[in-house]
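Please read the structure below before turning to the comments.
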Amino acid sequence: MSTDEQLKEIVRKKYSEIALQDKETNLSSCCGAGGCSSEVYNIMSEDYSTLKGYNTDADLGLGCGLPTQFAKIKKGDVVIDLGSGAGNDCFIARAETGETGKVIGIDFTPAMITKARVNAEKLGFHNVEFRQGDIENMPVTSNIADVVVSNCVLNLVPNKYNVLKEIYRVLKTGGHFSISDIVLEGELPTALKQAAEMYAGCVSGAVQKNVYLELIEATGFKNITIQKEKSIVVPDDILINYINLEELNTFRNSNMGIYSITVYAEKIPAEKEACCAPGCCN
């Protein structure tokens, strides 16, 4: 398709536009990109409105799960949100970690950072901070976070392994992550894989589910658990913009699947891992 830097620039440009779009437009498209559907209103995003800390100004209708709901955030925790957008997950996390904790949102789109900071200022939150940066090289020190969350962002990053290594670096020993993301089972049609709009739309940049989980394991994380999984159906009136009718019928009749998964994993202390070898634990 393109080089890693070209793909990042595609995402940066598109999400600068998405920051200015209304929530309804984002909900009826794939992560705010790829065109709108008249068939399906809510393609990927889930309803945050019942969660404590929800703020309507921060909800752009993006994402593909509710990672903060599953993140086991405790009072006083330091939480990092990757791809923090207008601050939605950060404000939910702040409701969990309270005034004694800290939440750091990282996003590489200036328009999103500006929007998030305005929202935080309106809410009077002084322990929620937004930093502009690349999540492959996070602008935070090592071993700082108790919890890392992210909602439908790693699929937008060309080198997912680099991000996972960064998550491992910034987590304290004993910390964990809860990440919602898009994964595949089976191959996408070539035209979809090569469509820049569908990359920004969180689809063509997704990897196979088994590969995704293997990357997490290869990074050194333990106790990897899928907390939630749901099928994603991209409407025909979006797909037809990229593939012809014959390809669309083949795609619909194939075993190919697009899924949202929320994954949990821990950074386990080395001595604890060694102690709990078979026959060692008491």
N/O donor-acceptor pairs under 3.5 Å from side chains in residues 63-80, not counting sequence neighbours:
from	atom 1	to	atom 2	distance (Å)
Thr68	OG1	Asp89	OD1	3.2
Asp77	OD2	Lys74	N	2.8

Main-chain N/O of [Y] paired to [X] side chain as donor or acceptor, under 3.5 Å:
X: Thr97; Y: Arg94; value: no
X: Asn127; Y: Gly101; value: yes
X: Asn162; Y: Val157; value: no
X: Ser254; Y: Met256; value: yes
X: Ser260; Y: Ile182; value: no
X: Asp59; Y: Asn55; value: no
X: Asp107; Y: Gly133; value: no
X: Asp181; Y: Asn155; value: yes

Contact between [X] and [Y] at the side-chain level, heavy atoms closer than 4.5 Å - yes or no?
X: Ile258; Y: Leu188; value: yes
X: Ile261; Y: Ile179; value: no
X: Glu136; Y: Lys165; value: no
X: Tyr212; Y: Leu184; value: no
X: Val103; Y: Glu129; value: no
X: Val263; Y: Thr225; value: no

Cluster link [X] to [Y], ILVMFWY, side chain under 4.5 Å:
X: Val148; Y: Ile135; value: yes
X: Phe91; Y: Leu60; value: no
X: Leu156; Y: Met112; value: yes
X: Val118; Y: Tyr54; value: no
X: Val163; Y: Ile144; value: yes

Task: side chain to side chain contact (heavy atoms under 4.5 Å, CB included) assessment of Val149 paired with Val147 - done: CA-CA 7 Å; Val149 296; Val147 182; 4.1 Å; yes
Open item on the list: To check you understand the geometry: which heavy-atom pair defines the closest contact between Ala116 and Gly85, and what is its length?
Closed with: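 Taking every non-hydrogen atom into account, CB-O, 3.4 Å.
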Task: Ser150 versus Leu82, closest heavy-atom pair with distance - done: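 Closest approach of Ser150 to Leu82: OG-O, 3.0 Å.
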Open item on the list: Can you see whether Lys267 engages Asn223 through a side-chain donor-acceptor pair at a distance of less than 3.5 angstrom?
Closed with: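 No, because no side-chain N or O of Lys267 sits under 3.5 Å from a partner of the opposite role on Asn223.
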Task: Exercise: do Asn88 and Tyr48 side chains pair donor with acceptor under 3.5 Å - done: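 Note: Asn88 and Tyr48 side chains miss the donor-acceptor criterion.
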Open item on the list: Pair Met138, Arg131 - check side chain to side chain contact (heavy atoms under 4.5 Å, CB included), show working.
Closed with: CA-CA 9 Å; Met138 295 184 208; Arg131 301 181 186 179; over 6 Å; no
For the [atom1] atom of [X] and the [atom2] atom of [Y], what is their distance to the nearest 0.5 Å?
X: Asn119; Y: Thr56; atom1: CG; atom2: OG1; result: 10.0 Å
X: Thr109; Y: Lys115; atom1: OG1; atom2: NZ; result: 12.5 Å
X: Ile224; Y: Gln227; atom1: CD1; atom2: CD; result: 12.0 Å
X: Glu166; Y: Asn159; atom1: CD; atom2: CG; result: 11.0 Å
X: Ile104; Y: Asp81; atom1: CD1; atom2: CG; result: 11.0 Å

Open item on the list: Going by side-chain contact (heavy atoms from CB on, under 4.5 Å), name the residues that satisfy it together with Arg117, two or more places apart in sequence or in a different chain.
Closed with: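 For Arg117 the side-chain contact (heavy atoms from CB on, under 4.5 Å) partners, ignoring immediate neighbours, are Ile113, Phe130.
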Task: Residues forming a side-chain contact (heavy atoms from CB on, under 4.5 Å) with Glu247, sequence neighbours excluded - done: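 With neighbours one apart ignored, the set is Ile243, Asn244.
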Open item on the list: With a 6.0 Å cut-off (strictly less than), is the heavy-atom count around CD of Gln132, excluding the residue itself, greater than 12?
Closed with: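 Yes, because the 6.0 Å sphere around CD of Gln132 holds more than 12 heavy atoms from other groups.
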TODO: Might you confirm whether atom CD of Gln208 has over 12 heavy atoms from other residues, nucleotides or ligands at distances under 6.0 Å?
DONE: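 Yes, the 6.0 Å shell around CD holds more than 12 heavy atoms from other groups.
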TODO: Any ring pair (Phe, Tyr, Trp, His ring centres under 6.0 Å) involving residues 158-182? Give me the pairs, sequence neighbours left out, ordered by first then second residue.
DONE: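 Of all non-adjacent pairs touching residues 158-182, those that pass ring pair (Phe, Tyr, Trp, His ring centres under 6.0 Å) are Tyr168-Phe221, His176-Tyr264, Phe177-Phe221.
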Task: Sequence neighbours excluded - ring pair (Phe, Tyr, Trp, His ring centres under 6.0 Å) pairs with any residue from residues 93-118 - done: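 Pairs touching residues 93-118 that pass the test: none.
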TODO: Under the side chain to side chain contact (heavy atoms under 4.5 Å, CB included) rule, what do Lys230 and Ile232 come out as? Steps first, then yes or no, please.
DONE: CA-CA 7 Å; Lys230 69 173 183 178; Ile232 300 294; 3.8 Å; yes
- [ ] Please name all residues satisfying ring-ring contact (aromatic ring centres under 6.0 Å, His included) with Tyr259, sequence neighbours left out, ordered by chain then number.
- [x]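 Listed in chain order: nothing, the list is empty.
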Open item on the list: Any salt bridge linking Glu229 with Lys209? Criterion: basic side-chain nitrogen under 4.0 Å from a carboxylate oxygen.
Closed with: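 Result for this pair is yes, salt bridge flagged.
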Task: CA sep, side-chain torsions, deciding dist, call: Val170, Asn143, side chain to side chain contact (heavy atoms under 4.5 Å, CB included) - done: CA-CA 5 Å; Val170 303; Asn143 306 306; over 6 Å; no
